[in-house]
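Written out below as structure tokens is the structure these notes cover.
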Amino acid sequence: MSESTLCTMNEAVDRFVQDGATIAIEGFTAFICFAAAHEIIRQKKKDLTLCRLTPDLIYDQMIAAGTAKKLVFSYLGNPGVGSLHCIRRAVEKDIPGALEIEEYSHFGMVGRYIAGASNLPFFPLRSYFGSDIIRANDNIQFIESPYGDDQVAVVPPLNPDVAFIHAQRADIQGNAHIWGLIGVQKEAAFASRKVIVVVEEIVEESVIRHDPNRTLIPGLIVDAVVHEPFGAHPSYVQGYYDRDNPFYLDWDRISRDHDLTEKWLNEWVLDVPDRAAYIEKLGSERFDNLKPGEMLAGPVDYGLYS
Amino acid sequence: MSESTLCTMNEAVDRFVQDGATIAIEGFTAFICFAAAHEIIRQKKKDLTLCRLTPDLIYDQMIAAGTAKKLVFSYLGNPGVGSLHCIRRAVEKDIPGALEIEEYSHFGMVGRYIAGASNLPFFPLRSYFGSDIIRANDNIQFIESPYGDDQVAVVPPLNPDVAFIHAQRADIQGNAHIWGLIGVQKEAAFASRKVIVVVEEIVEESVIRHDPNRTLIPGLIVDAVVHEPFGAHPSYVQGYYDRDNPFYLDWDRISRDHDLTEKWLNEWVLDVPDRAAYIEKLGSERFDNLKPGEMLAGPVDYGLYS
Amino acid sequence: MNETMNYSPAEMMIVSASRALRGSRVVFVGVGLPNIACNLARKSHSPTLELVYESGIFGANPARLPLSIGDPTLVSDSMSAVSMADLFMLYLQGGLVNVALLGGAQIDRFGNLNSTIIGPYERPKVRLPGSGGACEIAINAQKVLIIMRLKKRAFVEKLDFLTSPGHLEGGDTRENLGIPGEGPELVITDRALFTFSKSTKEMTLSELAPGESVESIKAEVSWPIHISPDVKEMDPPGEEELRIIREELDPDGMYR
Amino acid sequence: MNETMNYSPAEMMIVSASRALRGSRVVFVGVGLPNIACNLARKSHSPTLELVYESGIFGANPARLPLSIGDPTLVSDSMSAVSMADLFMLYLQGGLVNVALLGGAQIDRFGNLNSTIIGPYERPKVRLPGSGGACEIAINAQKVLIIMRLKKRAFVEKLDFLTSPGHLEGGDTRENLGIPGEGPELVITDRALFTFSKSTKEMTLSELAPGESVESIKAEVSWPIHISPDVKEMDPPGEEELRIIREELDPDGMYR
């Protein structure tokens, strides 16, 4: 780990994502690593189990591309826009193939990652009372408190084979600073057997060391670091770029039709060699428009104690 | 909460700390709010239940002063120095009075705060197997996982009446930035019915808002804010001052003798009207020596999205 | 825009929801109508109302109208941005949320909500989003306000799927399960308001939007709806409320 | 400093512990002797050894010798500073810690440790610090190295209190409880090293410090200690090891 684990996305996916693997690409509305998803599609990985609270466009695309056999999730939506039509098509009509689903609520998914990350056999939460979710998913159980008349739901650990975590910056060992909506990235990373950190910027170790409370993912658990600027487009990275909302609206139209979806996947994923080519194809003006103004955090002094 | 909750330590203790209350003054080696402890001693509060992973000198002093009837803890030590002689005297010899103890491991205390903070009837952890700690404390139980042959220990929630949380800076509503050893401060604050934030600096709301990931304690749960510079002396505040190690060594000597301890408490606590007077009595050179050099965190841009 | 009135059905719902927030301290909020309603409450009767977003944001101060609960404008200049674990464990389950606003595709007489499927679960006719946080919000928020358009196919005799518990089978069935929050208090629609009976916990028509009648509402509810003995007319949106919505909160009319 | 040798008993322990860390990736460490031993390992045979402190610090790069595991110099310039919840849940219980160094006031033949009391619990003769994190460290670290001075009153037939489980009653009693970590592997003292039998898990004298004999060690152990058939002499500290300790890690000789 004190060695560089830098590699390309092509190498990372080739090396760590096996057919049939369980994958988590997390990030709540933000930090969604489409760069990883597109490379997985390009490498024609199959029979994946895809885990994510909000499958979002990223899994809509992966499922339309036929990479997945199963989806573990808690909310299917194109945020602020509407439905995820590809996933609906898979669930409602087996197009492009049957898709097994395993459904929780958000808190249940969070609990599964926490249990997975901390080697607990279950995680307790107050949810699911009276809900049909427990009828659809018998992984959810209830247990009694040993301290009196109180019952809580429990969910089992989730330990993906591989997690992709998108971050603003990391050193070459994968020690990663993340700020903004931190979501479940930490829990998903610690829960996963292999962790790939994908960043907007590679920085000197000293940048990380000067703000150790900001290190959400320690290099200790990181297997590969991929430098992939704009790797979360069309989602956003706090302070680096905004969500490309026109794309989310376009996708609503494209994804309603499977042929149109396939055409889009061909043009923007399969016929594009890598992320850099995708960014170039989109054009730099598109990204100019997504650049936010500056809002810097104030000074924080850790102190030199020598 | 969008109003100021600023007050003096005298007012905060008078208003929120009742005789017989359960109190948590947390902070692992750092951020130990001696200012709160000394005011509690001055106001001659009685029959308190004191909760802390590491009772440290702060509870050694409070117990020697006769404020406590019970201690809930996980490690009794003068860090880097040796024993807590006052607590030993209370436990071994009932001086100055009998002290009930309720003992966990660190992880057990952490779990109790998490359960208390999140309204869980228990928190599961892998500890205590085969340990006599469970014989000394029947609050610790074991439960079976519903997912097969696996057993974990559980601890019950801890919900102190009042928590004192020392921080580097907060606005007048108590939204507090903390960096360094964040310990269990967040969990202890959320677990407590009343929260008093004690800070080195009161800052404008905008300072907090420019780094929302740094806000460990939201004003939402804060009942009072006390501006008390050097309020954690002789412990330290990251970036503001160092631990006053000579005092920790002195205390080892003073605290070995109850009369000497009482004399110290009279001179440095009871005969001192407030923290400002204590600081003045110590002298400014003492604090000059504790000032660390500068080590600033690097820039972090949250972006202006307008 | 209702032709005979100077406000739209959406504005009626926003204003009703805003008014129902009076007296609450902390509201758990999604974007869209609920977001506008909460901000209207802040800008009118409840300036100290605190908003908590499911994405982990407390004390947001957005520089633009957010597109989703995960919009970066909700993060920048907010008081606190936390993990989802903290959001669900400390804020929601910890009991800090006084009131939450929820919706769904179907609702039954006890305020139970379906946002999961239409048709059978294994082979749904329509696959809806699912719970997201709704199930635990319905359970842990101290009380719940439901916002939905009034339509017969939404106000159903029996849900296709119970995603988020309301009063379950009524009476004390919710309380008996040890559910922390008190459940739905009010159903806010574009055409009427419904409360819940204290004893049976069944939905009761309590207020009518201007132009509606008991009969017009009955026609949109699939079960024989209870009618409050003193059904009154809803107070239409006030001028100041409409001004705040139109000029400050939704100047582009995205949610009208 | 041992008069006939050019190193102290503490230096012997530091060097032995350092050597026992060879091959480990992540060590859970306290300050004092263990801290020096870990840093000696890093500066000699294991430059990639990672240190995790109980205070929540990973990848520390202290600008001075830390006074405690909570010293601010361990925070500044570290890779990551996390809450105690994360430290215990994600790092320790999560199984990332390959090896931990523990001590105690008493140890028994199965490597169980007492750091709680001497005498009866309700009215102890000596109240010791208690567990701190030791109990869960002993349970969750993949393996444990114990560092203690060899003294008869510490190597006891029966502990006054079992704070941190070693091999419990030996054999498979530890494994049968479902304890994740494998337990104590080595007991490092100033005068001898002890390993544990693969089958019975009983402590076995395996190496003697220069100048010691089987008899001199037996005299300091309260139970009839097993002796390895091939007891050998411990390798004394090398010149380079001593130089690193004295010049780089502990120039003021605080821990010698």
Side-chain angles (χ1 to χ4, degrees), chain A residues 28-30 53-54 73-77 79-81 83-84 87-88 90-92 101 103-111 113-114 125-133 135-136 149-152 179-187 216 235-239 241-243 245 248 292-293 295, chain C residues 31-32 54-57 63 66-77 81-85 87-89 92-93 112 114 116-117 119 121-140 159-166 168-169 173-174 177-180:
Chain A
F28 191 86
T29 321
L53 273 67
T54 56
F73 74 101
S74 46
Y75 186 85
L76 293 171
V81 178
S83 285
L84 293 175
I87 295 178
R88 282 188 56 182
V91 172
E92 296 167 9
I101 62 170
E103 178 163 10
Y104 298 84
S105 62
H106 278 347
F107 196 6
M109 284 293 284
V110 171
Y113 281 127
I114 297 176
L125 66 159
R126 295 194 191 270
S127 192
Y128 303 121
F129 300 107
S131 171
D132 286 339
I133 300 173
R135 283 187 244 280
D149 188 24
D150 201 351
Q151 201 187 42
V152 286
W179 59 96
L181 292 184
I182 54 178
V184 292
Q185 279 92 314
K186 179 180 72 182
E187 293 80 3
L216 204 69
S235 82
Y236 75 90
V237 170
Q238 193 80 38
Y241 44 96
D242 200 351
R243 176 164 117 150
N245 207 52
Y248 277 76
M295 188 179 279
Chain C
V31 281
E54 194 176 43
S55 49
I57 301 300
L67 291 167
S68 82
I69 57 166
D71 194 303
T73 198
L74 291 170
V75 176
S76 296
D77 211 29
V82 305
S83 70
M84 299 201 75
L87 192 273
F88 283 110
M89 289 176 70
L92 181 63
Q93 191 173 264
N112 302 301
N114 171 19
T116 301
I117 37 114
Y121 186 80
E122 294 304 329
R123 174 57 71 180
K125 188 160 157 283
V126 184
R127 175 63 226 200
L128 301 165
S131 164
C135 181
E136 42 264 0
I137 293 166
I139 283 168
N140 290 284
L159 302 177
D160 288 10
F161 190 95
L162 194 165
T163 311
S164 305
L168 293 171
E169 291 161 50
T173 52
R174 180 183 168 102
L177 279 178
I179 297 181

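Chain letters run A, B, ... following the sequence lines, proteins first, then strands; residues in each count from 1. As the structure is a prediction and not an experimental result, all values here were calculated from the model.
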Most heavy-atom pairs under 4.5 angstrom with chain A, which of S55(C), P66(C), A138(C), G130(C)? S55(C)
Any salt bridge (charged side-chain N to carboxylate O under 4.0 Å, His left out) involving residues 125-140 of chain C? Give me the pairs, sequence neighbours left out, ordered by first then second residue. E103(A)-R127(C)
I'd like to check the side-chain contact (heavy atoms from CB on, under 4.5 Å) partners of Q151(A); sequence neighbours left out, ordered by chain and number. F129(A), F142(A), E144(A)
If we define contacts as heavy-atom pairs under 4.5 Å, which of L168(C), T116(C), I117(C), T163(C) has the most with chain A? T163(C)
Under 4.5 Å from any heavy atom of chain A, what part of N114(C) do you find: side chain, backbone, both or neither? neither
I101(A) versus chain C, heavy atoms under 4.5 Å apart: side chain, backbone, both or neither? side chain
Is there a donor-acceptor pair under 3.5 Å between the side chain of Y236(A) and the backbone N or O of G70(C)? yes
Could you tell me which non-hydrogen atom of S105(A) sits nearest to which non-hydrogen atom of Y128(A), and how far apart they are? OG-OH, 2.8 Å
Max heavy-atom pairs within cutoff under 4.5 Å with chain C, candidates L125(A), L84(A), L181(A), goes to L181(A)
With a 4.5 angstrom heavy-atom cut-off, could you sort out which part of T29(A) is near chain C: side chain, backbone, both or neither? side chain
Under 4.5 Å from any heavy atom of chain A, what part of L128(C) do you find: side chain, backbone, both or neither? backbone
Pick from Q238(A), K186(A), M295(A) with the largest number of heavy-atom pairs that fall under 4.5 Å of chain C: Q238(A)
I'd like to know which of S83(C), P180(C), G56(C), G119(C) tops the heavy-atom pair count under 4.5 Å against chain A. S83(C)
Please check: side-chain N/O of E187(A) versus main-chain N/O of V110(A), any donor-acceptor pairing under 3.5 Å? no
Chain A: which of A63(C), S164(C), A134(C), S76(C) shares the most heavy-atom pairs with it under 4.5 Å? S76(C)
Looking at G80(A), is its backbone amide N or carbonyl O close enough to the side chain of S68(C) to form a donor-acceptor pair, meaning the two atoms are under 3.5 Å apart? no
With chain C as the partner, which of G77(A), G108(A), G239(A), A136(A) has the greatest number of non-hydrogen pairs under 4.5 Å? A136(A)
Using a cut-off of under 4.5 Å for heavy-atom pairs, which of T54(A), N245(A), V184(A) has the most such pairs with chain C? N245(A)
The interface call for E92(A) against chain C, heavy-atom contacts under 4.5 Å, is both
When L74(C), V126(C), I69(C) are compared by non-hydrogen pairs under 4.5 Å with chain A, the top option: V126(C)
Per-residue contact mode, F161(C) against chain A (heavy atom under 4.5 angstrom): both
Between A81(C), S131(C), P72(C), which shows the greatest number of heavy-atom pairs under 4.5 Å with chain A? P72(C)
Chain C heavy atoms under 4.5 Å from Y113(A): which part of the residue, side chain, backbone, both or neither? neither
So what's closer than 4.5 Å to chain C heavy atoms on S83(A): side chain, backbone, both or neither? neither
Please check if the number of heavy atoms outside Y75(A) that lie under 6.0 Å from its OH is greater than 12. no
Counting distance only, does the side-chain N/O of R174(C) pair as donor-acceptor with the main-chain N or O of P165(C) below 3.5 Å? yes
In terms of heavy-atom proximity below 4.5 Å to chain A, should I139(C) be classed as side chain, backbone, both, or neither? side chain
If one checks every heavy atom of I133(A) against chain C at 4.5 Å, the contacting part turns out to be both
